[in-house]
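Residue numbering restarts at 1 for every chain, and letters A, B, ... go by the order of the sequence lines.
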Amino acid sequence: MQIHVNGRQMEVVKDSTIGDLLNRVNIQEKLVVVEQNQQIINKAVYNQTTLTDGDVIEIVHFVGGG
Amino acid sequence: MLMIGEKSFHSRLMLGTGKYPTFQSQKKAVQVSETEILTFAVRRMNIFDENEPNLLEELDLQQYDLLPNTAGAKTADEVVRIARLARASGLCDMIKVEVIGCEKTLLPDPFETMRASVQLLEEGFTVLTYTSDDVVLAKRLEEAGVHAIMPGASPIGSGQGIINTMNLQFIIEQSDIPVIVDAGIGSPSDAAYAMELGADGVLLNTAVSGAKDPIRMAEAMKLAVQSGRLGYEAGRIPKRMDGMKSSPDTAMIE
């Protein structure tokens with residue numbers, strides 16, 4: 001199925017979770033915040049939160065700014 | 001001591017973390033500035049480039065209070081979304097409300113700024129609001145309950161220093177909450193002047209990150225803020241229209 005991650009389309013397998021997605025893009029260790037369809041997902045439930053077709057995911061972090 | 005919400009700070013200099021030439025110069029400049037509050041922006045992570053360095057991994061976060069901004073937001077709803085994301089990091093509950101209303105001047109949109117500030121206060125954030133030097137808006141924001149007012153000295157990144165001293169003084173005089181002069185500071189004398197006027201603190205970024213030597217400028221800004229504050233507390237002499245001798249008129253040598 002197709003999801004949108006940070007503005008790009010990505011193919012993921014059915015029933016995969018936010019945790020799987022973070023593993024796949026190799027950022028599980030880093031300090032990030034994840035939004036699924038504009039709902040912030042608590043870190044504690046990344047591995048229980050499944051992705052569905054058409055989901056819009058934003059993975060954000062802090063960058064330099066004033 | 002500077003009190004913002006529940007927290008107190010020794011340093012009255014807040015430092016932005018954008019646009020440093022290297023991570024090393026940034027890290028060193030932050031150290032030398034002795035700041036206790038660092039600002040950040042919230043952005044999409046570049047997940048398609050694993051090698052992109054993460055700023056936060058370069059700094060020891062235990063030493064600082066983090067003040068994420070909502071830069072990039074054009075509406076109150078966008079501000080609230082960014083603020084919630086920032087707080088979900090678990091690292092901070094302070095937020096710098098910043099809603100740009102004009103691309104040329106980067107001046108804030110007063111209506112969206114007010115709406116966003118009110119909403120975030122309802123959600124329990126410690127709200128520091130970036131505003132223009134509008135005296136009435138500053139008053140209204142204080143009445144709404146924001147924890148600090150952050151009037152710009154001049155447009156963001158312009159380095160023009162304080163262009164409306166009178167408005168800034170009015171804001172400082174009327175405020176019972178901290179006034180942090182944010183944006184437009186170009187040189188140490190600008191920062192010192194803001195503090196001499198009675199500002200509770202100064203927030204700057206480009207003045208340090210864009211300096212020829214950001215590390216030395218960070219130190220200069222630290223000293224300028226301390227110096228300006230001392231001068232304010234000491235109480236400057238009144239200005240006179242004519243001269244007044246410092247040396248005695250008596251016991252002249254004849």
Side-chain angles (χ1 to χ4, degrees), chain A, chain B residues 14-20 23 26 30 38-59 61 66-72 77 80-82 84-92 96 98 106 130 156-157 182-183 185 203-210:
Chain A
M1 61 186 191
Q2 293 276 326
I3 60 169
H4 300 267
V5 183
N6 285 9
R8 283 208 210 174
Q9 282 218 333
M10 250 177 113
E11 183 71 34
V12 292
V13 295
K14 199 168 175 296
D15 296 329
S16 56
T17 65
I18 300 275
D20 296 332
L21 174 65
L22 291 179
N23 265 334
R24 179 163 152 200
V25 294
N26 211 11
I27 53 174
Q28 210 173 30
E29 299 302 311
K30 294 187 180 174
L31 184 75
V32 296
V33 180
V34 180
E35 217 185 51
Q36 181 182 31
N37 305 322
Q38 297 216 17
Q39 290 291 313
I40 294 169
I41 306 301
N42 191 313
K43 285 177 184 15
V45 296
Y46 282 168
N47 292 325
Q48 289 91 61
T49 308
T50 51
L51 297 162
T52 50
D53 194 42
D55 270 357
V56 178
I57 305 293
E58 293 286 343
I59 303 173
V60 305
H61 67 157
F62 287 131
V63 300
Chain B
M14 305 179 186
L15 205 57
T17 55
K19 299 188 296 183
Y20 285 80
F23 280 119
Q26 176 183 64
V30 167
L38 293 174
T39 65
F40 293 95
V42 178
R43 288 290 180 274
R44 273 179 175 168
M45 189 164 194
N46 186 359
I47 54 173
F48 307 102
D49 175 11
E50 286 173 29
N51 295 321
E52 189 182 56
N54 187 328
L55 177 71
L56 290 187
E57 289 168 6
E58 304 286 324
L59 295 166
L61 296 180
L66 303 189
L67 176 59
N69 66 35
T70 63
D77 290 343
V80 171
R81 185 181 180 191
I82 294 171
R84 288 173 181 164
L85 284 165
R87 186 160 67 176
S89 71
L91 294 173
C92 47
K96 170 180 159 180
E98 176 177 344
L106 300 181
Y130 166 64
I156 296 170
D182 176 11
I185 298 290
L203 194 167
L204 52 88
N205 185 341
T206 312
V208 167
S209 65

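- Remark: side-chain polar atoms of A:Asn6 are not paired, donor with acceptor, to backbone N or O of B:Asn46 under 3.5 angstrom.
- Scanning all heavy atoms of the two residues, the minimum distance from B:Ala88 to A:Val33 falls at CB-CG1, 3.7 Å.
- In this structure, A:Glu11 places its CD atom where more than 12 heavy-atom neighbours from other residues, nucleotides or ligands lie under 6.0 Å away.
- Note that the CG atom of B:Leu85 and the CD atom of A:Gln38 stand 9.0 Å from one another [nearest 0.5 Å].
- Rounding to the nearest 0.5 angstrom, the gap separating the CG atom in A:Leu21 from the CD1 atom in B:Ile47 is 6.5 Å.
- When heavy atoms are compared at a cutoff of 4.5 Å, B:Ala71 does not approach chain A at all.
- Proximity to chain A is absent for every atom of B:Lys19, based on heavy atoms less than 4.5 angstrom apart.
- Residue B:Ala183 does not touch chain A at all, counting heavy-atom pairs closer than 4.5 Å.
- Contact between A:Gly64 and B:Ala41 at its shortest, heavy atoms only, is O-CB, 4.0 Å.
- The shortest heavy-atom contact between B:Thr17 and A:Val63 is OG1-O, 4.2 Å.
- The choice from B:Arg84, B:Glu98, B:Met14, B:Arg43 that makes the most heavy-atom pairs within less than 4.5 Å of chain A is B:Arg43.
- At a threshold of 4.5 Å between non-hydrogen side-chain atoms, the residues A:Phe62 and B:Leu91 count as touching.
- At a 4.5 Å heavy-atom cutoff, the contact between A:Ile40 and chain B is made by side-chain atoms alone.
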